[in-house]
Amino acid sequence: ADAVGATKMDRPEWIAVDPYHAGSVYCTLTNNSDRGKEGKAPVDAANPRAKNVYGHIIHWLEHNGDPTALQFAWDILVMGGRTDTDKPETKGSMKGAEFGSPDGLSFDHRGVLWIQTDVSSSTINSKDYKGMGNNQMVATIPGTNEFRRFLTGPRGCEITGIAFTPDNRTLFINIQHPGEPSEGLSDPQHPTAVSSWPDGDKAGRPRSSTVVIVKADGGIIGT
């Protein structure tokens with residue numbers, strides 16, 4: 001990619017194709033704190049923020065909706081960040097739920113875009129992310145710029161994996177490495193120092209888990 005001059009992106013992670021708009025593709029760019037530093041990738045139109053600790057989501061639209069096209073238009077769906085500031089280097093462009101470090105990305109069968117975050121354990125709810133809480137999952141309908149928080153994870157975890165049943169009434173997500181400390185290794189003598197997910201008051205050792213989510217009334221997830 002470097003040999004042909006491809007744009008250096010800010011840590012691309014997941015890609016999702018809009019099922020209702022042909023050739024419309026989204027990609028999460030989790031973050032890049034080195035963007036703009038001397039000797040590192042410079043700020044550019046597709047990666048417009050130096051020290052991009054919050055990341056963003058980019059959108060491509062293939063020419064005429066054709067996936068074999070050699071040209072495309074593009075825009076930025078959202079810049080991650082805070083909604084309680086006016087500083088351009090930290091301000092998020094979303095309305096509603098603020099978030100940063102977008103990672104997991106998938107459309108459901110109704111065209112709702114679901115986004116999961118992967119803030120590192122050393123940064124969760126601290127440093128640039130102080131007061132923003134644990135990793136989370138939000139949803140949006142592209143074009144509205146409204147983002148709604150659907151769930152937050154236990155301490156020290158990453159939210160990852162998105163899978164819906166065809167009727168959109170059951171959602172599967174993963175809780176990865178819950179209880180991971182902000183630095184160093186977990187203490188085997190105190191396994192619940194950060195989290196006891198999923199056993200809670202039983203105080204079991206935290207374990208990665210797959211969660212099955214359904215509505216109490218059996219309805220469609222996200223309604």
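Ring to ring, W114 and F107 are not that close: their centroids are 6.0 angstrom or more apart.
Between S195 and P154 there is a side-chain heavy-atom pair separated by less than 4.5 Å. Residues Y26 and I58 fail the side-chain proximity criterion, which asks for heavy atoms closer than 4.5 Å. Using a 4.5 Å heavy-atom threshold, the side chains of V211 and I175 count as touching. Taking 4.5 Å as the limit, every side-chain heavy atom of Q116 sits out of range of all side-chain heavy atoms of L105. Counting heavy atoms from C-beta on, the side chains of C27 and M9 never come closer than 4.5 Å. Between P48 and I76, some side-chain heavy-atom pair lies under the 4.5 Å cut-off. Proximity of L171 to F150: side-chain heavy atoms (C-beta onward) are separated by under 4.5 Å at one or more points. Side-chain contact between L77 and L113 is present, with heavy atoms from C-beta onward closer than 4.5 Å.
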List the steps, then state whether side chain to side chain contact (heavy atoms under 4.5 Å, CB included) holds for T192 with R205. CA-CA 6 Å; T192 61; R205 183 183 300 273; 5.8 Å; no
*asked:* Between I173 and T210, is the side chain to side chain contact (heavy atoms under 4.5 Å, CB included) condition met? List the steps.
replied: CA-CA 6 Å; I173 60 103; T210 296; over 6 Å; no
- request: Check the pair W14 / S106 against side chain to side chain donor-acceptor pair (under 3.5 Å), numbers first and verdict last.
  value: CA-CA 8 Å; W14 284 44; S106 184; over 6 Å; no
Exercise. Can you list the steps and then say if N134 with T152 is a side chain to side chain donor-acceptor pair (under 3.5 Å)?
Worked result: CA-CA 6 Å; N134 293 344; T152 57; 5.8 Å; no
* To do: Test T7 against N47 for side chain to side chain contact (heavy atoms under 4.5 Å, CB included), laying out the working first.
  => CA-CA 9 Å; T7 301; N47 305 273; 3.8 Å; yes
R49 and D10: CA distance, side-chain angles, deciding distance, salt bridge (charged side-chain N to carboxylate O under 4.0 Å, His left out) verdict = CA-CA 10 Å; R49 186 161 58 189; D10 284 348; over 6 Å; no
Verdict with reasoning, W60 to S24, per side chain to side chain contact (heavy atoms under 4.5 Å, CB included): CA-CA 6 Å; W60 299 289; S24 187; over 6 Å; no
Mind running side chain to side chain donor-acceptor pair (under 3.5 Å) on N31 and S101 for me, showing each step along the way? CA-CA 6 Å; N31 54 49; S101 296; 3.1 Å; yes
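Linking ILVMFWY residues whenever their side-chain heavy atoms come closer than 4.5 Å, directly or via other members, places I15 and L29 in the same cluster. W197 is not connected to V119 by any chain of hydrophobic side-chain contacts under 4.5 Å among Ile, Leu, Val, Met, Phe, Trp and Tyr, and they are in different clusters. Hydrophobic clustering of Ile, Leu, Val, Met, Phe, Trp and Tyr side chains at less than 4.5 Å, counting indirect connections, keeps I57 apart from M79. Hydrophobic clustering (side-chain heavy atoms under 4.5 Å, transitive across Ile, Leu, Val, Met, Phe, Trp, Tyr) groups F72 together with V25.
Heavy-atom neighbours of K51 NZ from other residues, nucleotides or ligands within 6.0 Å: at or below the threshold of 12. Surrounding CD1 of I213 are more than 12 heavy atoms belonging to other residues, nucleotides or ligands, all under 6.0 Å away. Counting heavy atoms of neighbouring residues, nucleotides and ligands inside a 6.0 Å radius, atom CZ of R148 does not exceed 12 of them. Counting non-hydrogen atoms of neighbouring residues, nucleotides and ligands closer than 6.0 angstrom, the CZ atom of R155 reaches no more than 12 such neighbours. Counting heavy atoms of neighbouring residues, nucleotides and ligands inside a 6.0 Å radius, atom NZ of K215 exceeds 12 of them. In R11, the CZ atom is crowded: over 12 heavy atoms of neighbouring residues, nucleotides or ligands sit closer than 6.0 Å.
Between H109 and F164, the ring planes are perpendicular. Angles over 60° get that label, and only those under 30° would be called parallel. The aromatic rings of F99 and F147 are tilted relative to each other, their planes meeting at an angle between 30° and 60°.
Taken from CD in Q136 to CD1 in I159, the straight-line distance is 9.0 Å, to the nearest 0.5 Å. Taken to the nearest 0.5 Å, the OH atom of Y129 stands 8.0 Å off from the OG1 atom of T117.
For D2 and K8, the salt-bridge test passes: some basic side-chain N is under 4.0 Å from an acidic carboxylate O. Taking the charged nitrogens against the carboxylate oxygens, R82 and D128 have no contact shorter than 4.0 Å, which rules out a salt bridge. Salt-bridge check for K40 with E38: failed, with every basic side-chain N at 4.0 Å or more from each acidic carboxylate O. Looking at R35 and D44, a side-chain N of the basic residue comes within less than 4.0 Å of a carboxylate O on the acidic one, giving a salt bridge.
In this structure, the side chain of E180 does not engage the main chain of S120 through any donor-acceptor pair within 3.5 Å.
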